[in-house]
Amino acid sequence: MLDQADVVSKEAFEAVGRLFQEFNSKRMSRLAGDKLVDSENSLAIRSNWVSTAVDFVWKKRNALMARSLILPIESFRVTVYPLVYGVKAVASGAVEVFRKLSKSSAGNNVNATGSGNAEKLVGVSDLVTHLAPFLVSLDPALIFEVGMNMLYLADVPGGKPEWASASITAILTLWDRQEFSSARESIVRAVVTNLHLLDLHMQVSLFRRLLLMVRNLRAESDRMHALACICRTALCVDLFAKESVRRGQKPLPGTDIASLFEDMRIKDDLHGAQSKGLFREELVASLVESCFQLSLPLPEQKNSGTESRVIGALAYGTGYGALNWTEPALEVVEVCRPCVKWECEGRTYAIDCYLKLLVRLCHIYDTRGGVKRIKDGASQDQILNETRLQNLQRELVKDLREVNTPRICARLLWAVAEHINLDGLDPLLADDPEDPLNIIISNIRKVLFNTDSSANTSNRLQDVQAALLCAQRLASRHPRAGQLLTKELEDFRNNGAADSVTKHQSRLILQRIKYVTSHEESKWAGVSETRGDYPFSHHKFTVQFYEAAAAQDRKLEGLVHKAIQELWRPDPTELTLLLTKGIGSSFLKVPPSAYTLTGSSDPCYIEAYHLTDSTDGRISLHLKVLNLTELELNRVDIRVGISGALYLMDGSPQAVRQLRNLVSQDPVLCSVTVGASHFERSALWVQVLYYPFYGNGATLEYGEGNYAEEDPQLVRQKRSSKPELGEPVILRCQPYKIPLTEFLLPHKISPVEYFRLWPSLPAIVECTGAYTYEGSGFKATAAQQYGASPFLSGLKSLSSKPFHRVCSHILRTVAGFQLCFAAKTWFGGFLGMMIFGASEVSRNVDLGDETTTMMCKFVVRASDSSLIKEIESDLQGWLDDITDGGVEYMPEDEVKSAAVERLRISMERIALLKAAQPPPKSPKPEEESDEEGESEEVEEGEDGEKKKKKKEKTDEEGKTKGPSTLSKLTAEEAEHRALQAAVLQEWHLLCKERSTKVH
């Protein structure tokens, strides 16, 4: 890096910067000599390299800065990142972490960076002084590089807000440049991530501009992350400014939440009924979810020495100041009130978020009980906040007439009616149509009698339930409401819009209202205290009500929750986990198993395994070549062809690796890296060409060489002549198939969301597989109902595959199960799989004996038909990929013929049993006593039905001519009888086991 030659110095800076970048992004580092499989040693190697390079950069920082200044201006950019990373690693203490991971002896590096805080701060300040002049450079690329790295440096302990403000100002000048249009996401992400490092004035001035920038971002994830950062900072600034005013400081304009909506475009979007985009919904949802995060206790942070400094409003807002979170939340519900009048084409997520926060605040401030007084112990702030909330409720009641989304009307009605203060209403305005109670009751009637098409396509059933619940609770709280609602419910009962269920429910509610009216002290029969819960959801069951709006709501919810969670409660980094828990087995990948590609008698033995890197979409094939001949092979060519979705980095059709001087029995390693473009069955085709007579000067047949003593002159001529290849021996190896599961990643999803998503996936394929297991299915489940059941032995390899196990159900009585898995492809497609299993009774023994065959139904659904087409093309291959050959595919015709055969056998058995039955009169008492013995374990109701059926059968058989071998049962009845008999016999086995244990 300090070399005299500019080219050498530039390459050295670039190499060290790449080493730091690869280590920081947890990607494979070829410089550190490790592979894709992380191990304890490779991590130590990488950490050792990085800590050594950081020590060098820190000690030689002044010389390196001086050397970078005399480089050509186009080469200066590569010097920025190594200097910034090295200096920050020392200033923040991260280099100590690297040393612990590298397992280097403490004595070697004690004095390497043994500097105090003052020297660290001076070092950082020197670097900022070195970089600052380049923020006004004429080269936009240099401004971007320097600005980004100075922002990375701005949060070290002891840093100054001016460092961040200068960088942000410089970066934002690049926003309108055409060549940086693709980097807008990076610019916004860098600015909003470091927003908390600025002083309060600059934060406030940036809010409006940032929101307009975020609105124009294309990438959804970047937009959500930026909104989450802006909303968090805005809430903390609001808290901090209010606390400053309480302490007597001058209020700073623009610090309230309303300042986010000062721009005319955003304000018009908020107040308008319709909008072209989703930005206003994203903004309101992010604001509300940030309020809820502010109300939760922050997780305990364990110090690992690499935390960034946090200054100003964010430190207060996320610290003890968060106890006052209801103040900015109240401002949020006031500012966002127009959202209840939005027409969002059926989407309700953002409005549901708003109403959920409103209900929580009404519960906390107890708005049902009215505004508290000073003599009751209320503070001035509390009285002010409760008054604001009461006024907001009255405004929302008026907004009920202007609600444009059918489903929101009933929800807003419930949220207001549940928490409004009825005792504070003016009794003189009882006949006024503008009275809040009259407006609420008229809207309850509107919901109950709403029979238009939009209400039917929406969830009318839930709306009516909400309106009836509102009616009961309102009428129980206020006598005038009880009189008015009694009339409305009587009309509803006698109207054709009510079905039988709601008619009975209305009758029950009327009885409760009547009881509460006559017993003033028993209001609890019709109403209870508020709980702060919002009982509605934007979700719909897609089986019944599939709409595009519901899918958009679920997508928006997922994006908002992910961004909020990553910002407020990020997962601990790998370094933090390694320092706190140590290197455990969960951090290390299992080494892959190798496959032999050649035959047992081939002169070259080749073994291969592959490693995948899903972040880059690459697959590396690692080959071990072993010369099994007694000769030394001077040259061996390995050719690797590709098929399917694979491609080589240079675009060539095949890769060639030339190996020289292969000694007998000495393994030689080589590797080939390919990329994957889409989800498709792929394979690597290896061909070996080895030249047994390479360099001998003549083409000879193998084994026919002249071993006589040669003339020395001829030997010299051979040495001086150019070596000839000779005829190669070609070995064609088995194709190395890449399993389809390698292109999948586990996708974490809740069971509820999984079952909502399942019916909407368009592509589907079903297949049946079978495997055998040891032991009776019933005994296996009874013995290990809480552990890993033995009858799942054929599917045990699924735990190591890239699937997220969503949920599972074990059926004990028939030794069956249902498993649900979710995964995503490298390329974004969703894939869900359900496995249904049931034990099959053995054909040549009686019912209840050992059942060792498990029949599995595999149902796979995907978001794209191309994924299903690949799976469907080779179903046995798919089962081999996911179960490692543990399940055998059974074609549908075989499954059907086996089912028919089982049914025929069971029918024949039943017919034989009936034919062998004695006359019906004599065994009746025995049968009844047997049945009574069985009823100790089986439920009485079921046994009674079985007795009646048996008596009826025996009566019918008594009337016939005599026993017959012909069965009069249908197929379904016969199968039901066989299943009943199997379950009863299993009960008998279980009872015997219980009795033996007792004795």
Side-chain angles (χ1 to χ4, degrees), residues 258 261 264-285 287-288 330-359 361-362 367 388-422 425 429 432-460 462-464 466-467 470-471 474 484 488 534 536 538 549 553:
F261 301 92
M264 285 306 298
R265 280 169 287 185
I266 294 179
K267 185 180 287 186
D268 293 343
D269 212 7
L270 177 70
H271 288 272
Q274 293 184 333
S275 175
K276 294 179 182 178
L278 297 176
F279 179 72
R280 62 179 187 176
E281 297 171 48
E282 296 167 354
L283 177 57
V284 168
L287 257 178
V288 171
L330 182 57
E331 197 162 339
V332 167
V333 292
E334 285 179 336
V335 171
C336 300
R337 179 174 65 85
C339 74
V340 297
K341 296 184 280 188
W342 286 349
E343 168 53 53
C344 300
E345 300 174 356
R347 297 183 301 273
T348 62
Y349 171 63
I351 311 175
D352 278 323
C353 286
Y354 173 82
L355 292 177
K356 186 164 63 172
L357 181 60
L358 175 70
V359 167
L361 288 174
C362 290
T367 54
R388 287 167 61 189
L389 201 52
Q390 296 275 358
N391 294 334
L392 176 67
Q393 284 182 332
R394 290 188 173 85
E395 294 295 326
L396 286 169
V397 169
K398 294 176 183 175
D399 290 340
L400 275 169
R401 301 165 178 170
E402 303 176 49
V403 172
N404 291 303
T405 306
R407 301 188 70 193
I408 293 302
C409 184
R411 299 177 181 195
L412 178 59
L413 190 63
W414 182 89
V416 174
E418 181 75 4
H419 302 91
I420 196 167
N421 177 23
L422 295 177
L425 298 178
L429 299 177
D432 187 357
E434 294 298 318
D435 181 61
L437 183 58
N438 292 336
I439 296 175
I440 290 173
I441 291 175
S442 65
N443 276 277
I444 288 178
R445 180 181 178 85
K446 177 183 169 185
V447 172
L448 290 177
F449 291 94
N450 186 14
T451 55
D452 62 352
S453 58
S454 62
N456 291 327
T457 54
S458 179
N459 200 345
R460 170 170 163 74
Q462 191 185 55
D463 294 349
V464 170
C470 284
L474 268 179
L484 296 171
E488 298 294 345
Y534 181 68
F536 304 99
H538 63 278
D553 270 337

Would you compute the distance between atom [atom1] of [X] and atom [atom2] of [Y] and round it to the nearest 0.5 angstrom?
X: Glu281; Y: Cys353; atom1: CD; atom2: SG; result: 10.5 Å
X: Cys339; Y: His271; atom1: SG; atom2: NE2; result: 11.0 Å
X: Ile440; Y: Leu484; atom1: CD1; atom2: CG; result: 11.5 Å
X: Leu357; Y: Leu287; atom1: CG; atom2: CG; result: 9.5 Å
X: Phe279; Y: Leu270; atom1: CZ; atom2: CG; result: 11.0 Å
X: Glu402; Y: Cys409; atom1: CD; atom2: SG; result: 12.0 Å

- Residues two or more places apart in sequence or in another chain: which of them pass side-chain hydrogen bond (donor to acceptor under 3.5 Å, both in side chains) with Asp399? Arg337
What I'd like to find out is whether the side chain of [X] reaches to under 4.5 Å of the side chain of [Y], using heavy atoms alone.
X: Leu437; Y: Ile420; result: no
X: Ile444; Y: Leu474; result: yes
X: Gln274; Y: Glu345; result: no
X: Val416; Y: Leu400; result: no

- Using modelled atom types only, decide if a donor and an acceptor are shared between the side chain of Asn404 and the backbone of Lys341 within a distance under 3.5 Å.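 Checked: pair present.
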- Task: Return yes if some donor-acceptor pair links the side-chain N/O of Arg411 with the main-chain N/O of Ile351 below 3.5 Å, else return no.
- Result: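 A pair under 3.5 Å: no.
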- Item | Passing candidate, side chain to side chain contact (heavy atoms under 4.5 Å, CB included) with Leu396, options Leu358, Val333, Leu355 |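 It is Leu358; the other options fail the test.
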- Item | With Leu413, the side chain to side chain contact (heavy atoms under 4.5 Å, CB included) member among Val397, Val403, Ile439, Asn443 |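 The option that passes is Asn443.
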Looking only at heavy atoms, what is the nearest atom pair of [X] and [Y], with distance?
X: Val447; Y: Ala467; value: CG1-CB, 3.9 Å
X: Glu334; Y: Leu392; value: CA-CD1, 4.3 Å
X: Trp414; Y: Cys470; value: CA-SG, 3.3 Å
X: Gly272; Y: Trp342; value: O-CD1, 3.3 Å
X: His419; Y: Gln393; value: O-NE2, 3.4 Å
X: Gly346; Y: Asp553; value: O-OD2, 4.3 Å

- Message: Are there over 12 heavy-atom neighbours, none belonging to Arg265, within less than 6.0 Å of that residue's CZ?
- Response: no
- Task: Assess Arg445 against Phe449: is NZ or CZ under 6.0 Å from the centre of the six-membered ring, and within 45 degrees of the ring's axis?
- Result: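 Yes - Arg445 lies over the ring of Phe449, closer than 6.0 Å to its centre and within 45° of its axis.
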